[in-house]
Amino acid sequence: MNLTLLVWRQENAQDKGRLETYQANDINEDMSFLEMLDVVNEDLVKKGIKPIHFDHDCREGICGACSLVINGIPHGGKKGCTTCELRMRNFKNGDTITIEPFRAKAFPVIKDLMVDRSALDRVMYAGGFVSVNTGGTPDANAIPIQKDVAETAMDAAACIGCGACVAACKNASAMLFVSAKVGHLATLPQGKVEARERVRIMVTQMDAEGFGNCTNYYECEAVCPKEISIKFIAKLNRERMKAVVAR
Ligand code: FES
């Protein structure tokens, strides 16, 4: 298939940036979206044009690095799918595709389609861990945990920290991300000990990084490649309320 791409090019965070037009020709419909960009880049390099910078690592939906907005939707809008898992068969021959970086104040553009998402890492450094002694693996296995509780924790733990929730939200809120991390740990006995302090510190760091607040647009849930439910945002608010009352 042959496609026209409108690609965001931006030299650095200070540059204003602009959309540039490229042709993607002879694209195999079984290619992933990133493989299609690889083909375009090979062509650009042959022509002496700087290749398009974009982020990626695992290319199998695990790392959360592939942060692209495709036709206005983070990860392209296919349910439960990251950009690297998106196949070109989801487009039609002759389509024009607009490709932009995740846009949020807390995600400054590094170059072209690549943004700095270390704000999410700093939220995790602030409190997204268990620091009490929980013993070794046999100790963890010795603690009986109800199946529904374990499944809830695993649902939250599926978050790959890609930041699509932030990019989709008109407030650039990171509440779905933070709620998944808080919800994962606060659900399990090993994480309950520090739950109140954790939620307080992580929400404080989230605010300090410039993320907005949740006003229930549900866009985050709609674009999340791991289909994290916004019920975790309700849990985050409950955990936060408990922490405030306890203080
Ligand atoms: S490159 Fe790792 S999730 Fe897409």
Side-chain angles (χ1 to χ4, degrees), residues 3 5-10 22 24 27-42 44-45 51-91 97-104 106-125 128 153-169 172-181 183-184 211 219-230 232:
L3 304 157
L5 306 183
L6 299 177
V7 182
W8 188 258
R9 305 297 313 251
Q10 185 172 342
Y22 302 106
I27 300 299
N28 186 309
E29 63 172 20
D30 293 326
M31 280 180 179
S32 73
F33 200 85
L34 298 188
E35 285 166 343
M36 180 275 291
L37 285 179
D38 291 339
V39 171
V40 172
N41 272 346
E42 277 175 23
L44 291 180
V45 170
I52 302 158
H53 284 63
F54 61 92
D55 218 347
H56 61 98
D57 188 359
C58 70
R59 295 197 175 207
E60 52 186 343
I62 297 170
C63 72
C66 49
S67 47
L68 300 184
V69 175
I70 301 162
N71 289 337
I73 306 174
H75 293 302
K78 186 163 164 53
K79 204 163 168 49
C81 186
T82 56
T83 297
C84 60
E85 296 171 307
L86 186 65
R87 298 285 142 182
M88 294 313 296
R89 68 179 79 97
N90 292 291
F91 300 89
I97 306 173
T98 305
I99 313 170
E100 297 168 273
F102 279 7
R103 296 190 191 277
F107 292 166
V109 170
I110 296 172
K111 195 172 170 71
D112 297 340
L113 303 171
M114 200 177 215
V115 298
D116 180 357
R117 288 167 300 141
S118 55
L120 297 182
D121 294 335
R122 289 189 290 276
V123 174
M124 290 302 286
Y125 301 154
M154 288 305 290
D155 287 348
C159 170
I160 54 174
C162 64
C165 48
V166 177
C169 177
S173 170
M175 290 277 274
L176 192 67
F177 166 78
V178 177
S179 72
K181 303 306 175 188
H184 165 211
F211 294 111
E219 295 289 340
C220 53
E221 185 184 73
V223 300
C224 175
K226 298 300 162 185
E227 300 179 68
I228 305 285
S229 164
I230 57 141
F232 287 107

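Just so you know, ligand 1 is whichever comes first in the structure, and atom 1 is the first atom listed for that ligand. All values below come from the heavy atoms of this structure, side chains included, with hydrogens, waters and symmetry mates left out. Computed from a predicted structure; not experimentally measured.
Atom 2 (Fe) of ligand 1 has Cys58 SG, Cys63 SG as its protein N, O or S neighbours under 2.8 Å.
Residues Met175 and Ser179 are not in side-chain contact: their nearest non-hydrogen atoms beyond the backbone lie 4.5 Å or more apart.
The pair Asp30-Arg89 counts as a salt bridge, with a side-chain nitrogen and a carboxylate oxygen less than 4.0 angstrom apart.
Minimum heavy-atom separation, Asn28 to Met88: O-CB, 3.8 Å. Residue Ile160 comes nearest to Pro225 through the heavy atom pair CD1-CG, 4.3 Å, listed as atom of the first residue, atom of the second, then distance. Contact detail for Ile228 and Phe232: the closest heavy-atom pair is CG2-CD1, 3.8 Å.
Applying the salt bridge (charged side-chain N to carboxylate O under 4.0 Å, His left out) rule to pairs touching residues 112-122 yields Arg9-Asp112, Asp55-Arg117, Arg122-Glu209, sequence neighbours excluded.
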